[in-house]
Amino acid sequence: MCGRTACALEPDDICKSCSFNSKTTAKGRQQPVWRDPPGGQKYYPSYNVAPGSHTPVLISSQHYQGELDTITERVIQPMRWGLVPSWHKGDPTNVGYETNNCRAEGMLEKKTYKVPLEKGRRCVVLADGFFEWKRDQGKKQPYFIYSPQDTWIKKENSDLKVKKEPIDPDQNFNVEEEHKEETEDASRKLLMMAGVFDVWHPPDNSAPVYSYSVITVESSPVMSWIHHRMPAILTNDAEIEEWLNFAEVPLRGAVQNIRPTESLQMHPVTTAMGNSRYKSPDCVQPVDLKKPKAPVNSIMKNWLSQPKKEQNDHGLSSPTKSPSKSNSPSMRPSPTKQSKSSNLMMNWLQKGKREPDEDNDSPAKKIKTCDG
DNA sequence: CCAGACGTTGTT
DNA sequence: GTCTGG
DNA sequence: CCAGACGTTGTT
DNA sequence: GTCTGG
């Protein structure tokens, strides 16, 4: 199935990466328009996206008839992951993980999906890739799965960069050839997952909540050794156009594009990304499964050697505050009451036990030294 | 007719 | 809001 | 999806 | 075991 993704590009770069050929040939190449979610919700780029977050979603601008000037045919509307049906009662944040995915096999029968689909609420969920856990004898190994046109290998002494592979003529719908160096990140090939969305209107008449579910299918052979379900991937511009264009492509035709696909690349990644608070770019970096796990100490050193980035309130990678409870890099301590009091308790307990000169090598001390 | 569900996962 | 089960 | 919590009191 | 938070 699909319960975790990465989507780390900035809005502008996502728009660039989603440029498309207008149906009106005279208009030529277009970029979708970015529309921030109503009601102060926001998209934050992240290498570790969990359900409940807002992520960019492509839809037809015809969904905004009368509400919005539609200067292009497509709009990128960040939406909450986890579909909140329009009839939902009560707090929509209480909608559980049950609507993160929509099984293609039953989507035309089930009320939760059928109704929005018949309203044309078909969308394309944008992501750098998604994660899947292979289970084996009680162990779980996460894999990152992404477009075959990307290579998620970090070069030495450089930030995350992407090498372009030879272009598959069947998949060249969003390739930005120019500005090779400066827009290297922007030319990342996003994964396009078919989805269904709905709009929930709160009883107090405040801003509506847009939300989506990722459509899943039985896994294709490239993926089934990891997991038996996979998201429905749209692999060229014709498929994307048919899925988005609800006004001209009826549902029965559009669903022909919902099927298992083969053109994917994947590699194992660190188990640390299982915790969705871990937002390091390492989430998508390959790990060698033959090697024994790196000792915590070296992970810590690696983290300390990362260049400090600007203050980031949304935890992309560089913690700027002392991670008093967190025992691994790039974690942010929970701001909840419970954690706060737990921290205080733990600190107090440790202080009480500790001998003055005992712990020269403790991670906490190293962090403090570094920050100071 | 009304009441109650509306969904997915993995595991045994 | 709409469908299913009783 | 996974990880982590799951609780109450009185006092500053 | 089950729910919440991310």
Side-chain angles (χ1 to χ4, degrees), chain A residues 1-7 42 44 46-55 80-119 121 125 127 129-145 193 196 198-201 203 211-219 226-231 269-280 283 313-316 325-328 330-346 348:
Chain A
M1 61 116 34
C2 180
R4 206 74 74 81
T5 64
C7 188
K42 213 171 168 256
Y44 301 108
S46 172
Y47 287 100
N48 197 345
V49 176
S53 324
H54 283 74
T55 75
R80 181 193 192 273
W81 186 9
L83 187 142
V84 180
S86 58
W87 43 262
H88 180 81
K89 310 278 186 259
D91 186 350
T93 60
N94 292 342
V95 175
Y97 72 96
E98 304 91 349
T99 57
N100 301 337
N101 293 128
C102 159
R103 293 176 63 86
E105 296 87 339
M107 66 179 176
L108 300 180
E109 288 80 44
K110 301 195 174 206
K111 325 183 225 316
T112 299
Y113 306 120
K114 178 177 111 161
V115 173
L117 283 171
E118 283 171 351
K119 288 183 193 161
R121 292 184 168 169
V125 178
F130 64 97
F131 298 94
E132 207 68 79
W133 282 261
K134 178 176 170 54
R135 290 162 180 268
D136 190 28
Q137 302 179 352
K139 302 280 180 195
K140 280 182 291 187
Q141 175 58 51
Y143 288 77
F144 183 56
I145 301 152
M193 299 182 285
V196 49
D198 210 345
V199 187
W200 180 79
H201 289 272
S211 62
Y212 69 87
S213 185
V214 173
I215 296 172
T216 64
V217 293
E218 199 66 25
S219 279
I226 299 179
H227 199 72
H228 69 110
R229 303 289 296 175
M230 68 183 290
V269 294
T270 174
T271 54
M273 59 71 54
N275 188 327
S276 61
R277 299 158 98 103
Y278 186 81
K279 303 294 193 186
S280 161
C283 287
D313 279 343
H314 300 95
L316 256 188
K325 180 178 179 181
S326 310
N327 55 5
S328 48
S330 298
M331 295 276 207
R332 289 183 307 136
S334 162
T336 62
K337 279 180 200 167
Q338 288 98 329
S339 299
K340 202 177 169 188
S341 55
S342 295
N343 286 344
L344 293 172
M345 181 61 85
M346 292 309 290
W348 178 78

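Protein chains get the first letters and strands the later ones, always in sequence-line order, with residue 1 at the start of each.
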**Report entry** Separation between the P atoms of dG10(B) and dA3(D), rounded to whole Å
**Finding:** 15 Å
**Report entry** P spacing across the pair dC3(E) / dC6(B), given as an integer number of angstrom
**Finding:** 15 Å
Query raised in the report: Taking Thr55(A) as the fixed residue, which of Tyr212(A), Tyr44(A), Trp81(A) is the one that meets the side chain to side chain donor-acceptor pair (under 3.5 Å) rule?
Result: Tyr212(A)
Query raised in the report: With no hydrogens and no angle check, is any side-chain donor or acceptor of Trp200(A) less than 3.5 Å from a backbone partner on Pro92(A)?
Result: no
Query - Glu98(A) CD to dT2(E) C1', straight-line distance once rounded to whole Å - result: 12 Å
Query raised in the report: Between the side chain of Lys89(A) and the main-chain N/O of Trp87(A), is any donor-acceptor distance below 3.5 Å?
Result: yes
Query raised in the report: Within the structure shown, what part of the strands sits under 4.0 Å from Cys2(A) by heavy-atom distance: base, sugar-phosphate, or nothing?
Result: nothing
Report task. Using Watson-Crick or G-U wobble geometry with both distances below 3.5 Å, tell me the partner of dG6(C), or none. Result -> dC1(B)
Query raised in the report: At under 4.0 Å between heavy atoms, what does Asn100(A) touch on the DNA or RNA strands: base, sugar-phosphate, or nothing?
Result: base
Report task. If dT8(D) has a Watson-Crick or G-U wobble mate with both distances under 3.5 Å, name it; if not, just say none. Result -> none
Query raised in the report: Reckon Pro51(A) touches a base, only the sugar-phosphate, or nothing at all at heavy-atom distances under 4.0 Å?
Result: base
**Report entry** Nearest-0.5 Å distance that lies between atom CE in Met273(A) and atom NZ in Lys279(A)
**Finding:** 9.5 Å
Requested in this report: State the CG-OG distance between Leu83(A) and Ser211(A), to the nearest 0.5 angstrom.
Outcome: 4.0 Å
Report task. Quickly work out the His88(A) NE2 to dT2(C) P distance and round it to whole Å. Result -> 18 Å
Requested in this report: State whether the side chain of Gln141(A) and the backbone N or O of Val269(A) hold a donor-acceptor pair below 3.5 Å, judged by distance alone.
Outcome: yes
Requested in this report: First locate atom CD1 of Ile226(A), then atom CZ of Phe131(A), and finally report the distance between them rounded to the nearest 0.5 Å.
Outcome: 12.0 Å
**Report entry** Contacting residues from residues 111-118 of chain A, given that a heavy atom lies under 4.0 angstrom of DNA chain B
**Finding:** Lys111(A), Thr112(A), Tyr113(A)
Query raised in the report: Reading DNA chain B 5' to 3', which nucleotide is the first, and which the last, to come under 4.0 Å of any heavy atom in chain A?
Result: dA5(B) to dT11(B)
Report summary line: So the side chain to side chain donor-acceptor pair (under 3.5 Å) pairs with at least one residue in residues 91-100 of chain A (sequence neighbours excluded) are Asp91(A)-Thr93(A)
Query raised in the report: Just how far, in rounded Å, is C1' of dT2(C) from CG of Leu108(A)?
Result: 16 Å
Report summary line: Of Arg135(A) and Thr99(A), the one whose nearest nucleotide on DNA chain B sits closer to the 5' end is Thr99(A)
Query raised in the report: Is the backbone N or O of Glu109(A) less than 3.5 Å from a side-chain atom of Lys114(A), with the two atoms forming a donor-acceptor pair by type?
Result: no
**Report entry** Ile215(A) and Met193(A): CA distance, side-chain angles, deciding distance, side chain to side chain contact (heavy atoms under 4.5 Å, CB included) verdict
**Finding:** CA-CA 8 Å; Ile215(A) 296 172; Met193(A) 299 182 285; over 6 Å; no
Query raised in the report: If we take the C1' atom in both dT8(D) and dG5(E), what is their distance in whole Å?
Result: 22 Å
Query raised in the report: Taking the same atom, C1', in dA5(B) and in dG7(D), what whole-Å distance lies between them?
Result: 33 Å
Query raised in the report: For Asp91(A) and dG5(E), what is the distance between atoms CG and C1' respectively, to the nearest whole Å?
Result: 13 Å
Report task. Describe the nucleic acid contact of His201(A) in one word from base, sugar-phosphate, nothing, applying a heavy-atom distance below 4.0 Å. Result -> nothing
Report task. Using the P atoms only, state how far dT11(B) lies from dT2(E), rounded to an integer number of Å. Result -> 16 Å
Report task. Whole angstrom is fine here: how far is it from CG in Asn94(A) over to C1' in dT4(E)? Result -> 9 Å
